[in-house]
Amino acid sequence: MRALMLALACVLLSATAQAQIQTEAQAPLEISIVPQFPLEQLASTWNPILREITRTTGMRFTLRNYASIPAFEEAFLRGQPDLAFVNPYHAVMARKAAGYLPILRNDGERLTGLLVVRKDSGITSLKQLDGAIIAFPAPNAFGASLYMRALLAEQAHLHITPVYRSTHPNVFRHVITGSAQAGGVIRQTFDHETAEVRDQLRVLYETPPAYPHLLVAHPRVPQKVRQALQEAFIKLATSVEGARLLEGIHMRTPVRASYANYQPLEKLGLERYVVLKTD
């Protein structure tokens, strides 16, 4: 009987805690995703995940995405979304501007940028790209553009003409069609492209690794809600279907993120290459 009473007490405590979390997050949490892919693709990968998190926590979400990375940046710099899925340097920008706190990242993964050229281009060294037109998704796409442009300027001493084409698939197309001599992307995107696209390209250069994209929360999101989100994502990864869904956002093994993982980026001087508005 005593064991039964203890079990019932645990159930009641759990239900009470869950109800409290739902009360603290009554209004839907607005979440925005860095638009490195077309908006339809972001919706198709994120909505099933958010539905699962709603089912297990009772929290509700509004997925509000932006057509361009600069528009997305303006939103989180104003503190607009409650939650945002950002690149590594965005985490630095968001913390400085609005106090965003890291919640989740993928475990064991590192983000690297790639500079790709046409396989038949004859370009075999970075020096051959001095004065070249190079395509990037957006100025502040971390591995694909921001870090890449800083390295090309400061280590390879290249003078280039950057063009920004909104998404990684657009960068691939510009290189393949010859509209740009090279393009900056990230390793994960290149690896998940079709064989038809990859077979026309060659990796010329790869950046040093950094911690990957992460989910951050505005400080107005209560701590209990942030903790519940962490637990829900980590639990989702333990099921076969949940792991499949999380693979779609490159977070197959979610773990609690710490700003200590991203703080070293403050020392790279990348602010010199940040562009908040483009024509």
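Using a 30° and 60° split on the angle between ring planes, Tyr89 and Phe142 fall in the parallel class, below 30°.
Inter-residue side-chain proximity for Val221 and Leu101 is flagged as unmet; no heavy-atom pair is nearer than 4.5 Å. Taking the side chain as every heavy atom from C-beta outward, Ile31 and Asp82 never approach each other to under 4.5 Å.
Figure legend: cation-pi geometry between Arg95 and Tyr259, with NZ or CZ positioned under 6.0 Å from the six-membered ring centre and within 45° of its axis. Figure legend: Arg165 and Phe136 shown without cation-pi pairing, the cationic atom not lying both under 6.0 angstrom from the six-membered ring centre and within 45 degrees of its axis.
In this structure, Phe61 has its ring center at least 6.0 angstrom away from the ring center of Trp46.
Judged by distance alone, the side chains of Gln188 and Glu109 do bring a donor and an acceptor atom under 3.5 Å apart. Using modelled atom types, one finds a donor on one side chain and an acceptor on the other under 3.5 Å when comparing Glu73 with His90. For Asn261 and Arg105, the side-chain atoms include at least one donor-acceptor pair closer than 3.5 Å. Defined by atom type and a distance below 3.5 Å, a donor-acceptor pair is present between the side-chain atoms of Glu206 and Thr112. For the 3.5 Å distance criterion, the side chains of Glu40 and Ser44 fail to qualify, holding no donor opposite an acceptor.
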After noting the C-alpha distance and the side-chain angles of Met93 and Glu271, does the key distance pass the side-chain contact (heavy atoms from CB on, under 4.5 Å) rule? CA-CA 9 Å; Met93 295 167 63; Glu271 62 274 5; over 6 Å; no

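Counting non-hydrogen atoms of other residues, nucleotides and ligands closer than 6.0 Å to CD of Glu241 gives a total above 12.
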